[in-house]
Student: 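Quick one: the structure is below, and I'll ask about it shortly.
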Amino acid sequence: MDEKKWYQFWEESGFFKADPTSSKPPYGLLVPPPNLTGDLHLGHAMEHSILDALARFKRMQGFDVLLLPGVDHAGIQFEATFDKHLAKEGLSKQKLGRDAWLKKAWQFKEEIYNSVSSGWRFMGLSADWSREVFTLEEKVQKAVFEEFKSFWEQDLLYKGAYIVQWCPKCGTAIEDIEMEYEERKEKLYYVKYKIDESNGLYLTVATARPETIFADTGVAVYPFHPKYKKYIGEQAVNPLTNASIPIFEDERVDKNFGSGALKITPGHDPLDFEIGQDHNLPILHTIDKNSRMTDLAGGLTGLKAQEAREKAVKILGDHIEKIEDYIHSVPVCERCKTTIEPLISKEWFVKMSPLADKALKHIKKINFVPKNYLKILTVWIKDLHDWSISRSLWWGHRIPVWYCGKCNPNHLVGKDKDMVVSLEEPGKTCQTCSQKHWVQDGQVLDTWFSSGIWPMSTLDYPENTKELQKYYPWDFETSAPEIKFLWIARMIMLGLWFQNEIPFRNMFFHGMLRDLQGRKFSKSLGNGIDPNGLRTQWGTDATRMALYSYAAAGRDGRASRQTMDERAKNFRNFTTKLKNIARFIIELKPASQGPALRTQDADDKWIMDELNKTIKTVTKNLEEFKLHLAAESLYEFIWHKFADIYIEKSKDRRAEAQSTLEYVFKTSLELLHPFMPFITEELWQKLPHKEKSIMVTQWPSTKQT
RNA sequence: GGACUCGUAGCGCAGUGGUAGCGCGCCUCGUUCACAUCGAGGAGGCCAGAGGUUCAAAUCCUCUCGAGUCCACCA
């Protein structure tokens with residue numbers, strides 16, 4: 001069978017295209033844009049198969065379907081992938097510079113894109129390619145600018161030096177949700193801090209990071225500490241720098257940990273930063289953005305923080321009271337697994353509480369599948385902190401802010417003075433110096449800042465096009481649970497904020513496909529399964545069916561190439577079965593045909609009843625996004641009822657049964673088309689038909705018998 | 001420390017109140033009339049365990065054990 005031929009036939013016939021001017025009711029499905037960091041994997045194949053089945057189903061039901069495809073630039077992840085690729089050629093960001101680097105990055109993007117794009121077509125995705133969007137293209141740029149500008153005007157944006165989670169390898173701040181934790185066996189050091197102007201008095205703090213003591217600017221103890229209460233208000237001596245630092249009480253210190261006293265390093269720990277703010281402590285830096293010691297560290301300057309730890313312990317010498325083994329979880333970058341270094345950096349933030357409040361009021365309008373995700377997302381949004389949106393990367397939407405290089409060399413944020421919010425270089429002059437020395441903010445926006453408005457930017461927001469009016473809110477969105485906060489929650493908040501309406505009516509979380517040990521598929525483990533391999537061996541239709549059997553909402557699946565082969569093989573056999581049924585009914589047609597449909601024969605009545613039941617089941621299950629059940633009931637009906645029983649029995653009264661055979665088979669193909677688009681088209685075309693394609697034929701309805 | 005999900009035949013999974021299912025694998029038989037990429041038949045599960053609700057529980061509730069995921073400022 002020539003799948004390519006049918007795909008071309010559909011595409012050239014314009015069947016994939018949505019028509020905003022049509023009077024048909026709209027049904028919009030938004031393809032989650034895959035990251036342009038590599039070929040499509042099995043999870044994508046499943047996700048896209050789900051979307052395509054629903055799109056084809058809704059089209060046949062008479063909706064004006066928009067299945068909108070697109071790809072994501074995936075800022076941090078793309079840069080990591082691309083930099084690795086460059087390293088192989090002996091190149092780097094430093095060697096190339098921003099412009100040359102960006103040029104090469106676009107070429108690299110194009111290569112990956114081609115593979116993704118052809119992968120989609122191979123799988124039979126019936127998307128409206130004329131509306132395809134890339135998150136860095138001009139149209140999205142305008143939407144992102146509008147988003148940024150609105151936030152600015154609504155006073156929801158601020159820039160400042162705050163403690164952030166810094167990935168030294170990626171060279172950028174990341175968000176809490178972009179980190180994961182690794183359990184490590186380290187040491188817990190109990191360090192004595194002398195009390196100033198006293199003889200031999202001291203208090204002890206416990207720390208896992210003695211190298212940060214250089215930047216300690218205070219010691220906090222929990223309220224009413226039996227031993228240390230008396231020192232409150234005194235000064236302690238920083239054991240590494242000899243600086244005097246205040247001792248004070250704070251309820252955030254855990255009574256049951258260590259000695260009950262906590263060294264405060266506002267420059268290198270989020271909690272310490274908070275406590276430091278409340279007690280007006282100065283902020284010092286002893287570790288820089290490359291994870292090396294600053295000159296605050298005296299003789300240890302320039303050392304990697306990790307190496308500095310042991311040396312610091314040596315210098316501390318007698319100040320170390322005891323050392324314990326200590327197992328704790330250390331934050332690492334989700335992308336590159338580098339240990340995160342909390343430090344102070346100037347970043348942009350969005351105030352989220354007004355957005356969160358609005359989202360919480362309306363989130364119940366979204367039908368989450370499975371239902372428990374409503375609670376999961378609600379809880380997360382309730383407890384939301386401000387969104388750090390700037391990334392020190394090159395691949396992304398440049399922050400649309402220009403500073404006067406002359407009056408505002410430190411890129412400070414004011415209002416309409418020596419800075420301007422603008423996509424292009426401002427034409428006007430600086431209000432302070434009346435000259436033009438505009439310099440753009442060097443950072444780019446978090447990837448999710450653009451994908452968060454994906455439901456709108458794909459429909460030409462901020463222009464109020466007929467597309468935006470017709471297809472927003474989307475009817476169906478799907479995703480892996482992995483990015484429920486990063487992406488789904490953001491789309492909900494941003495959609496409500498800017499469009500005053502939920503972004504999608506149905507939110508379907510599919511499960512994650514994992515290997516047989518339950519591990520995620522990853523390049524480093526080499527446990528991935530190439531959907532193309534399955535497709536080539538068993539055919540696209542069979543591969544899709546195998547994937548639908550894993551498509552129960554919210555259920556993870558375990559798979560290996562072998563288990564996928566087992567399932568796909570079954571459906572390849574099913575494809576063969578369909579071909580043989582067609583041969584029997586069409587090619588080996590009796591010379592004379594009996595009466596038209598619905599004789600009074602008991603067998604005919606039985607199969608028609610069974611068909612009606614199947615129509616009901618399949619339709620209902622598709623409406624409820626239970627694709628695995630819909631596919632299963634069709635398989636059961638066609639193979640074990642229609643073929644095994646009805647066709648067998650029909651051989652005794654072939655001519656009389658012919659009409660029923662044709663009718664049941666044709667209807668079955670139509671029901672099966674959303675799942676197995678290619679073989680159903682191929683066989684349907686051989687049966688008597690009116691419409692040009694099974695794709696545009698009407699979805700079967702039950703018939704009276 | 002919180003929240004959530006799962007534990008069903010050798011393996012991969014469905015079934016969420018009414019006699020235990022699917023695929024692969026396994027066993028027996030069968031190539032003449034669509035199909036051996038097949039057909040007919042079969043073996044294999046006290047649905048993790050214990051208790052409870054109910055006329056009725058794999059399905060609802062409680063607890064225990066086991067597997068996993070997510071969230072949290074573990075100094």
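So that the names make sense, note that chain A is the first sequence line, chain B the second, and so on, each numbered from 1. In what follows, every heavy atom counts, from backbone to side chain, and hydrogens, waters and symmetry copies are set aside. Note that the structure is a prediction, hence the values are computed from the model and not measured.
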Student: B:G25 P sits how many Å from A:Gln562 CD, rounded?
Tutor: 10 Å
Student: OG/A:Ser633 to NZ/A:Lys616 distance, rounded to the nearest 0.5 angstrom?
Tutor: 13.5 Å
Student: Determine whether any donor atom in the side chain of A:Glu648 lies under 3.5 Å from an acceptor atom in the base of B:A34, or the reverse, and answer yes or no.
Tutor: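 Present.
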Student: Going by heavy atoms in the side chains, are A:Leu611 and A:Thr667 under 4.5 Å from each other?
Tutor: yes
Student: Measure from the side chain of A:Asn573, starting at C-beta and using heavy atoms only, and say which of B:G23, B:C73, B:C24 lies closest.
Tutor: B:C24
Student: Roughly how many Å is it from CG in A:Leu377 to P in B:C71, rounded to a whole number?
Tutor: 12 Å
Student: Measure from NZ or CZ of A:Lys192 to the centre of the six-membered ring of A:Tyr202 and say whether it is under 6.0 Å with the direction within 45° of the ring axis.
Tutor: yes
Student: For A:Ala546, answer base if it contacts any base atom (sugar-phosphate contacts may also be present), sugar-phosphate if it contacts only those atoms, and nothing otherwise; contact means non-hydrogen atoms under 4.0 Å.
Tutor: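 Answer is nothing: A:Ala546 stays at 4.0 Å or more from every strand.
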Student: What does the B/S/- profile of nucleotides 3-15 of chain B look like, 5' to 3', with a 4.0 Å heavy-atom cutoff to protein?
Tutor: SSSS-----BSSS
Student: I'd like to compare against my own output: the B/S/- annotation of nucleotides 28-33 of chain B with a strict under-4.0 Å heavy-atom distance to protein.
Tutor: ------
Student: Considering every strand and a 4.0 Å limit on heavy-atom distances, what is the contact class for A:Phe273: base, sugar-phosphate, or nothing?
Tutor: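 Nothing, no heavy atom under 4.0 Å.
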Student: Would a 4.5 Å heavy-atom cut-off, applied to side chains only, mark A:Thr680 and A:Asp541 as touching?
Tutor: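 Not in contact.
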Student: Pick the P atom in B:U62 and in B:C6, then give their distance to the nearest Å.
Tutor: 14 Å
Student: Starting the side chain at C-beta, find the nucleotide from B:C24, B:C71, B:G39 nearest to A:Asp644.
Tutor: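 Of B:C24, B:C71, B:G39, B:G39 is nearest to the side chain of A:Asp644.
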Student: If you check the A:Arg572 side chain, which of B:C35, B:U37, B:C73 turns out closest?
Tutor: B:U37
Student: Report yes or no: do A:His268 and A:Glu341 form a side-chain donor-acceptor pair below 3.5 Å?
Tutor: no
Student: Separation of A:Asp565 atom CG from B:G23 atom C1', in whole Å?
Tutor: 13 Å
Student: Is the centre of the A:His628 ring less than 6.0 Å from the centre of the A:Tyr548 ring?
Tutor: no
Student: In whole Å, what separates the P atom of B:A34 from that of B:C29?
Tutor: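 Their P atoms lie roughly 25 Å apart.
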Student: Mark yes or no for a side-chain to base donor-acceptor pair under 3.5 Å between A:Lys569 and B:C24, with no hydrogen or angle criteria applied.
Tutor: no
Student: Quantified in whole Å, what is the P atom distance between nucleotide B:A40 and nucleotide B:C35?
Tutor: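 Going atom to atom, P in each nucleotide, I get 15 Å.
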Student: Report the distance from atom OG of A:Ser259 to atom OH of A:Tyr228, rounding to the nearest 0.5 Å.
Tutor: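 Reported value, rounded in 0.5 Å steps: 4.5 Å.
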Student: Does the gap between the ring centers of A:Phe571 and A:Tyr635 come in under 6.0 Å?
Tutor: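 Between A:Phe571 and A:Tyr635, the centre distance is under 6.0 Å.
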Student: Expressed as a whole number of angstroms, how long is the span from A:Ile647:CD1 to B:C38:P?
Tutor: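 A:Ile647 atom CD1 is separated from B:C38 atom P by 15 Å.
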Student: Taking the side chain as every heavy atom from C-beta outward, state whether A:Arg544 and A:Pro677 have any atom pair closer than 4.5 Å.
Tutor: yes
Student: Is a side-chain donor-acceptor pair under 3.5 Å present for A:Gln537 with A:Arg561?
Tutor: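 Their side chains do contain a donor-acceptor pair, which is all the 3.5 Å distance test asks for.
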Student: Across the strands shown, which category fits A:Thr207 at heavy-atom distances under 4.0 angstrom: base, sugar-phosphate, nothing?
Tutor: sugar-phosphate
Student: Atom NZ of A:Lys520 to atom P of B:U69: distance rounded to whole Å?
Tutor: 9 Å
Student: Whether A:Trp639 contacts B:G39 is assessed here as follows: a side-chain N or O lying under 4.0 Å from the phosphate OP1 or OP2. Is that the case?
Tutor: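 Answer yes for this pair, as a side-chain N or O of A:Trp639 is under 4.0 Å from OP1 or OP2.
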Student: Picking from B:A34, B:C74, B:G23, which would you name as closest to the side chain of A:Tyr181?
Tutor: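 Comparing B:A34, B:C74, B:G23 against the side chain of A:Tyr181, the answer is B:C74.
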Student: Between A:Lys382 and A:Asp357, is there a side-chain N and carboxylate O pair less than 4.0 Å apart?
Tutor: no
Student: Base, sugar-phosphate, or nothing for A:Phe574, non-hydrogen atoms under 4.0 angstrom?
Tutor: nothing
Student: Go ahead and write out RNA chain B as dot-bracket, 5' to 3': ( ) for pairs within the strand, [ ] for ones crossing earlier pairs, | when the partner sits on another strand, dots for unpaired; Watson-Crick or G-U wobble, both distances under 3.5 Å.
Tutor: ((((((((.[[[[.)..(..]]]].(((((.......))))).....[[[[[..)....]]]]])))))))....
Student: Taking the C1' atom in each of B:G49 and B:A43, what is the distance between them to the nearest angstrom?
Tutor: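 B:G49 and B:A43 have their C1' atoms separated by 27 Å.
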Student: Using a distance-only test with no angle check, is there a side-chain donor-acceptor pair under 3.5 angstrom linking A:Ser388 and A:Glu175?
Tutor: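 Distance-only check fails for A:Ser388 and A:Glu175.
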Student: Rounding to a whole Å, what distance do you find between A:Asn570:CG and B:G25:C1'?
Tutor: 13 Å
Student: Between C1' on B:C35 and CD1 on A:Ile645, what's the gap in Å once rounded to a whole number?
Tutor: 17 Å
Student: Using the C1' atom in both, what is the distance from B:A56 to B:G52, to the nearest Å?
Tutor: 15 Å
Student: Calculate the interatomic distance between A:Met545 atom CE and B:C24 atom P; express it in whole Å.
Tutor: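 One finds 13 Å between P of B:C24 and CE of A:Met545, rounded.
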Student: Is it true that A:Arg184 and A:Thr339 share a donor-acceptor pair across their side chains at a distance under 3.5 Å?
Tutor: yes
Student: Does any N or O donor sit under 3.5 Å from an N or O acceptor when you compare the side chain of A:Thr576 with the base of B:C35?
Tutor: no
Student: I'd like the P distance from B:A48 over to B:C11, given in whole Å.
Tutor: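 The answer is 14 Å between these two P atoms.
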Student: Counting only side-chain nitrogens and oxygens, does A:Lys577 get under 4.0 Å of the OP1 or OP2 atom of B:G39?
Tutor: yes
Student: Would you indicate what A:Val253 reaches in the nucleic acid, counting non-hydrogen atoms under 4.0 angstrom: base, sugar-phosphate, or nothing?
Tutor: base
Student: Using ring centroids (six-membered ring only for Trp), state whether A:Phe509 and A:Tyr373 fall under 6.0 Å.
Tutor: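 Between A:Tyr373 and A:Phe509, the centre distance is under 6.0 Å.
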Student: Rounding to the closest angstrom, what is the interatomic distance between B:G45 and B:U31 at atom C1'?
Tutor: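 The same atom, C1', in both gives a distance of 34 Å.
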Student: Choose from B:C73, B:C70, B:G39 the nucleotide whose nearest atom is closest to any side-chain atom of A:Asp176.
Tutor: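 Looking only at heavy atoms from C-beta outward on A:Asp176, the closest nucleotide is B:C73.
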Student: Please determine, for the side chain of A:Asn580, which listed nucleotide (B:A34, B:U37, B:C74) has the closest atom?
Tutor: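 Selected nucleotide (nearest to the side chain): B:A34.
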Student: Strictly by modelled atom types, are A:Thr543 and A:Arg535 linked by a side-chain donor-acceptor pair under 3.5 Å?
Tutor: no
Student: Between B:C47 and B:A20, how far apart are the C1' atoms? Round to whole Å, please.
Tutor: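 Roughly 8 Å separates the two C1' atoms.
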Student: Any base atoms under 4.0 Å from A:Ile585, or only sugar-phosphate, or nothing? Heavy atoms, all strands.
Tutor: nothing
